[in-house]
Amino acid sequence: MTIRVVHHIAELRAALAAQPAVGFVPTMGNLHQGHLDLVKIARPRSSVVVSSIFVNRLQFGPNEDFDRYPRTMEADVRALESAGCDLVFAPDERELYPVPQGYKVHPPIELADILEGHFRPGFFVGVATVVHKLFNIVQPQLAVFGQKDYQQLMIIRNMVAQMALPIEIIAGPTTRAGDGLALSSRNGYLSAQERAEAPQLFALLEHMAARVKAEGIAAVPAIEADALLAIAARGWKPDYLTIRRRADLQPPSATDEPLVALAAAKLGSTRLIDNLEI
Ligand code: PAF
């Protein structure tokens, strides 16, 4: 089936009317292999795979990269087609936000205002609002989100559960370059020198995870402090390198809890995030 690109909600709804199993992969475009791997997860589970391409102004802070975020529609559509996507929904801002979006989804602050939400105020309100709206438009049976955005995935899972949305959320494992760097649309901003340095973020997460396993959770404050010093010494500006409970992203309190190491740090002007389940 040749891929089809639609720009309007009415067109999309008409195209999906008879489909029994809509699989959905929302994106902001500027796609890489990680996105295509999410499409490949949706493909065998869906009668039709829809991907959205929409750079969502609501989730960008005033000093973030909304204007310089790359718009690469033609290449994105070809790549989606090669991965098995059937339909691309690419609305413009007038279609998705015809009036200022006054009704918003506010995830609970104990999850939305920590980690990414602490350093990017309002980010998860923007994400939850657009994802809820896209779910209402596409009405998928399943949706696939990358595990690289660990907190985003958790917030969307919780939103779907608490709002009783009839959508199965599937986590796609993080796709990495051979040197360990998590694929991200923002990697394209890195200079050659920064690109060579960038895998150190994941290397440090691996080191933190190994130390937690060897030294236990009593050592977590020291492990976090050492990691922050180590990355700063390499010239990065870290926002957080931390060990949290997988269940709610709060600091660990008991030895047998499943944990995750999470990191966000700026290399030059590019902010990278990554995580590793322990
Ligand atoms: O992860 C992303 O690319 C975005 O946050 C999403 C889920 C497409 C919402 O704009």
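When a ligand or atom number is given, it counts from 1 through the structure's own listing order. Numbering of residues begins at 1 and proceeds along the displayed sequence. What's counted below: heavy atoms across the whole structure, side chains too, no hydrogens, waters or symmetry copies.
In this structure, of Gln59, Met28, Lys148, the residue bringing a heavy atom nearest to atom 9 (C) of ligand 1 is Gln59.
Cation-pi geometry between Arg71 and Phe66 is met: under 6.0 angstrom from the ring centre, within 45 degrees of the axis.
Looking at Gln19 and Ser47, their side chains do bring a donor and an acceptor atom within 3.5 Å of each other.
Polar contact with ligand 1: present for Gln152 (N/O pair, distance under 3.5 Å).
For ligand 1, the atoms closer than 4.0 angstrom to any heavy atom of Val130 are 9 (C), 10 (O).
Thr72 places no side-chain N or O within donor-acceptor distance of the main-chain N or O of Ala75, the cut-off being under 3.5 Å.
Of the residues listed (Gln152, Arg157, Gln151), the one engaging Ile155 in a side-chain contact (heavy atoms from CB on, under 4.5 Å) is Gln151, and it is the only one.
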